[in-house]
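Bear in mind that the values here come from a model prediction, so they are computed numbers and not experimental data.
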Amino acid sequence: MPPRRTQFKEETIDQQLQQIHLLDPSSSSENLEQLGPIIKQIHASRQQEAYLRTLQGLIDSKDAEIEQICGDNYQDFIQSVSTLFDVKSYTTNLREKITTLDGSVAQVGKGLVEKKRTLLQSKKTSANLDEAIDTMQSCLRVLDVLNRIGDMVREGKYWSALRSLEDIQSMPPTSLSQTPFFQHLLSSLPSVRGQIKDAVTASMKQWLLEIRNISAQVGKLALEAMEARTRRWRARKDKDPMLRLTRVGSAVEMVTYEKTEYNVLDNDKLTVDFQPLYQCIHIYTALDSLDELRRSYQADRKAQSDLIIPSPLPLSSFLSFTQEITGYFIIENHVLNTTGSFRSQADLEDLWDALVARLSAGLQWALKSEVDPNEFLKVKECLIGFIMTLESYLYTTSSLHSFILIIFEKYAMLLEKQFSGRFDEIVLQDDHLAMVAQNESDRDSVLSVVWLDPAELAELKKQPLPLNLPWSQSFYLCCQDIRTFIQKFYQFVEGVSQHHRNIDDLLSKSLDILLSNHVSESIGKRLAGTSTLSQIAQIVTNLEHFQISCAELASSLTRLRSTQRGGTISITASTSFSTTLSRALQRITGLITKKLDDFFGLAEYDWTPQGKEEMPSMYLYELVNWLTTVVDSLAIKDAYKDEAYRGAVSYIADCLMDFLTGRDIPAMNEFAIANILVDVDFLDDEFRRINRPHLASMFNELRATTSVVLSDSVPQYLNAQIRQQSYGMIKHKRLQVLLDKLAKYASSCRDASSREKGDRRRREAESVGRLFPGEGR
């Protein structure tokens with residue numbers, strides 16, 4: 001038999017439906033899976049119902065056959081009919097149940113379908129919402145980044161802001177990438193990048209303004225550090241003679257300085273922050289616009305450099321200008337060394353050269369009308385510190401050294417002019433009295449100032465106190481001022497490492513001008529107005545010491561300069577002092593001869609005496625006494641005294657010769673000549689008495705001339721050979737005049753022998769005159 005179908009009873013289906021819970025509160029999902037078996041059972045029940053209907057049709061079609069069969073099998077049929085009725089009744093009931101269940105299932109299914117549709121719509125809406133939320137969150141993240149970029153720009157974090165922009169631009173493709181919002185955002189990035197560029201540029205511009213304001217402070221610290229460095233090295237040089245020729249910046253000094261190097265850009269007083277510049281360079285490099293920044297920076301710094309030096313340049317503010325220039329170029333040197341190729345060495349050198357040229361021109365204009373040497377010295381001190389400071393940063397300073405020499409020449413001229421007036425005043429106010437050193441301190445202080453011959457210096461130190469010094473105050477004060485002049489002269493060139501030869505030549509020239517034109521010539525002028533022999537004698541002593549001081553000064557300066565790699569100092573003023581000394585000695589002789597004129601004015605000679613006198617003229621006693629007293633009392637060297645004697649005796653000889661051969665006495669006789677010779681013999685004896693017998697040679701011409709006349713040796717004189725051998729010192733014109741005077745006197749006599757003698761004298765005079773025709777007396 002075929003297997004029987006499973007019978008699904010209504011009670012079973014109801015029981016199963018009651019066990020289903022579509023919406024389980026404890027579950028996060030709908031419990032639809034349990035409906036599957038129930039629906040399958042219902043479907044099977046419907047198939048069963050269809051089967052029953054089919055079966056019913058078969059039953060109806062077989063009723064007749066059944067009835068026949070029933071008739072044959074009545075009892076079995078009755079029993080089967082009863083069973084069929086039961087089946088039919090059950091089938092009817094089952095059909096109703098199925099219809100009811102189908103309606104319930106349809107009702108439940110419809111609700112479920114609506115719920116499913118609602119659920120699917122909700123899921124779709126939820127998915128759309130999730131996508132919209134994700135998109136909004138992406139937009140918010142991008143907007144947050146843009147907002148933070150603005151904050152970064154305000155906080156100065158320009159590189160972070162630029163990196164954030166790059167992050168936005170390099171985001172991987174997403175759904176957001178295709179949105180108009182994102183495309184608009186991308187189109188706005190160049191503008192934001194420009195804002196970052198403008199912000200970092202503004203930051204750098206502000207930094208440029210700040211460093212301009214602190215450049216002077218940087219320069220001040222650098223100049224003060226160099227000054228301290230110079231003082232330290234000078235103190236060390238004073239202790240170590242081996243370092244005497246080294247200077248600040250030399251290799252030896254640099255090794256020492258490296259141990260205590262001072263950073264003027266980062267110290268306890270000042271810190272210069274270069275971050276804004278570095279940051280700007282970094283940003284412009286990332287934006288591929290470094291050339292634009294370089295041009296802008298160069299133009300700004302050029303404009304700032306143009307504003308440092310005003311026109312005209314006020315000399316009183318020169319130090320502040322050097323401080324600002326120093327700070328400016330120290331900062332530029334740091335930028336050059338820390339920014340790679342951003343700053344050009346050539347551009348910086350051009351900027352330096354241009355500013356140095358303007359500085360030099362401004363200084364020349366400011367110093368053009370300046371007459372105070374101290375102002376030049378102040379300028380030089382500023383320039384030396386300025387030069388040494390910037391040399392340490394490897395800037396070329398040769399033009400500034402040359403400029404120092406230019407203003408040095410004017411400084412030397414002003415210094416020379418200043419001291420020339422002082423020397424003139426010193427000589428003018430000199431009392432021409434020997435200085436006196438009362439104690440050892442006074443003596444040593446004076447001797448430490450003047451320049452003396454070493455032997456004389458040693459001798460003066462041995463002499464007892466109080467000491468009468470040989471010179472007067474003018475010599476001491478002039479030596480003192482010469483030392484001051486030399487000190488100020490070299491004070492200007494201290495620290496100047498070039499052109500030693502030019503400096504030494506200029507010093508030599510200046511000293512010669514001062515000593516010759518304003519000491520020697522001033523003494524000469526004072527000499528012309530001085531008539532006191534003691535004062536003139538003091539002038540002679542002063543001049544003598546000035547001559548010595550010139551040589552000693554030149555030697556000491558040459559030794560000094562040789563230790564400083566200088567040249568030879570040559571002073572030629574001693575020639576001028578020698579000339580003035582000769583004038584002083586001549587002045588002494590002139591004053592003596594002037595006084596001698598007074599004595600000769602008292603001379604009363606009888607030019608036609610009747611006999612020879614045995615005693616000399618009375619005026620000669622007083623003359624000799626005065627002359628020896630005055631000359632021997634002069635505080636001058638014996639050689640100069642002897643020169644004074646020679647001058648005086650020469651003048652006496654000339655006066656006596658003038659008596660014999662001058663025009664004032666028209667005629668005389670031989671006794672008058674003999675009396676003159678008596679006076680000459682007296683003078684010879686007096687000069688021997690004072691140990692000056694050589695002075696008798698002053699009368700050799702007079703003796704020779706008169707001896708020719710008195711010994712009647714004119715014929716021998718007319719003999720050229722004899723004349724040349726024995727009478728070389730006789731002047732023929734004087735001999736001729738003397739013979740004429742003798743002839744006139746003899747001719748005036750009445751006796752024949754005298755007249756004959758007069759004729760002979762006249763012929764001798766004519767013969768002597770013919771020896772040298774055309775010559776004057």
Side-chain angles (χ1 to χ4, degrees), residues 203-231 248 261-278 297-339 343 347-367 375 377-397 399-400 403-404 495:
S203 173
M204 191 199 70
K205 296 287 187 181
Q206 180 63 31
W207 177 80
L208 285 173
L209 179 60
E210 292 173 357
I211 65 168
R212 181 193 172 191
N213 294 332
I214 65 173
S215 291
Q217 188 176 357
V218 172
K220 181 180 179 181
L221 293 176
L223 292 172
E224 289 175 349
M226 179 55 68
E227 183 180 357
R229 177 179 172 183
T230 303
R231 286 197 303 269
V248 174
E261 187 169 2
Y262 176 73
N263 188 352
V264 297
L265 297 175
D266 188 7
N267 51 73
D268 55 351
K269 295 182 180 179
L270 176 68
T271 299
V272 181
D273 184 13
F274 288 88
Q275 182 182 356
L277 176 63
Y278 298 152
Y297 179 87
Q298 182 177 348
D300 289 341
R301 292 298 276 166
K302 175 67 169 58
Q304 288 183 349
S305 71
D306 292 340
L307 296 175
I308 294 178
I309 303 177
S311 181
L313 176 66
L315 200 58
S316 59
S317 304
F318 177 63
L319 176 60
S320 63
F321 297 142
T322 58
Q323 291 174 351
E324 189 169 356
I325 295 171
T326 301
Y328 178 94
F329 283 101
I330 288 176
I331 291 172
E332 283 303 297
N333 179 266
H334 185 80
V335 172
L336 177 69
N337 294 328
T338 57
T339 57
R343 202 76 171 102
D347 290 341
L348 189 55
E349 289 177 356
D350 291 342
L351 198 61
W352 165 253
D353 292 340
L355 196 141
V356 167
R358 292 202 307 274
L359 178 65
S360 301
L363 272 178
Q364 277 189 318
W365 186 92
L367 293 171
E375 291 298 324
L377 191 59
K378 291 177 183 178
V379 170
K380 171 261 169 184
E381 292 294 338
C382 290
L383 282 177
I384 287 297
F386 176 68
I387 288 171
M388 289 194 298
T389 301
L390 289 173
E391 277 181 345
S392 65
Y393 290 90
L394 304 181
Y395 285 98
T396 303
T397 58
S399 61
L400 287 174
F403 177 73
I404 285 180

Open item on the list: Once ring-ring contact (aromatic ring centres under 6.0 Å, His included) is applied, do any residues pair with F329, and if so which ones, sequence neighbours excluded?
Closed with: W352, Y395
- [ ] List for me each residue that meets ring-ring contact (aromatic ring centres under 6.0 Å, His included) alongside F321, sequence neighbours excluded, and say none if there are none.
- [x] none
Under 3.5 Å donor-acceptor pairs involving side-chain atoms of residues 210-228, not counting sequence neighbours:
unit_1, atom_1, unit_2, atom_2, d
N213, ND2, L209, O, 3.2
S215, OG, I211, O, 2.5
E227, OE2, R231, NH1, 3.3

TODO: For T338, enumerate each residue passing the side-chain contact (heavy atoms from CB on, under 4.5 Å) test, keeping only those at least two apart in sequence or located in another chain.
DONE: Y278, H334
Task: Partner set under side-chain contact (heavy atoms from CB on, under 4.5 Å) for E381, not counting sequence neighbours - done: L377, Q491
Task: Pairs where residues 312-323 contributes a residue and the test salt bridge (Lys or Arg N to Asp or Glu O under 4.0 Å) is met, not counting sequence neighbours - done: none
Partner set under side chain to side chain donor-acceptor pair (under 3.5 Å) for [X], not counting sequence neighbours:
{"X": "D347", "result": "none"}
{"X": "D353", "result": "none"}
{"X": "D266", "result": "T271"}

What is the distance from atom [atom1] of [X] to atom [atom2] of [Y], rounded to the nearest 0.5 Å?
{"X": "L400", "Y": "L363", "atom1": "CG", "atom2": "CG", "result": "9.5 Å"}
{"X": "K205", "Y": "D300", "atom1": "NZ", "atom2": "CG", "result": "3.0 Å"}
{"X": "T339", "Y": "L277", "atom1": "OG1", "atom2": "CG", "result": "6.5 Å"}
{"X": "F274", "Y": "L265", "atom1": "CZ", "atom2": "CG", "result": "5.0 Å"}
{"X": "T322", "Y": "L359", "atom1": "OG1", "atom2": "CG", "result": "8.5 Å"}
{"X": "S399", "Y": "I404", "atom1": "OG", "atom2": "CD1", "result": "10.0 Å"}

Atom pairs and distances, side-chain donor-acceptor, residues 303-320, under 3.5 Å, sequence neighbours left out:
unit_1, atom_1, unit_2, atom_2, d
Q304, OE1, R301, NH1, 2.5
Q304, NE2, L208, O, 3.1
S305, OG, K302, O, 2.7
D306, OD1, K302, NZ, 3.2
D306, OD1, R358, NH1, 3.4
D306, OD2, K302, NZ, 3.0
S320, OG, S317, O, 2.6

Open item on the list: Do N333 and L390 make a side-chain contact, defined as non-hydrogen atoms from C-beta onward lying under 4.5 Å apart?
Closed with: no
- [ ] Give a yes or no on whether the backbone of Q275 and the side-chain of W207 come within a donor-acceptor separation of less than 3.5 Å.
- [x] no
Task: For the student: nearest non-hydrogen atoms of F386 and T326, plus distance - done: CD1-OG1, 3.1 Å
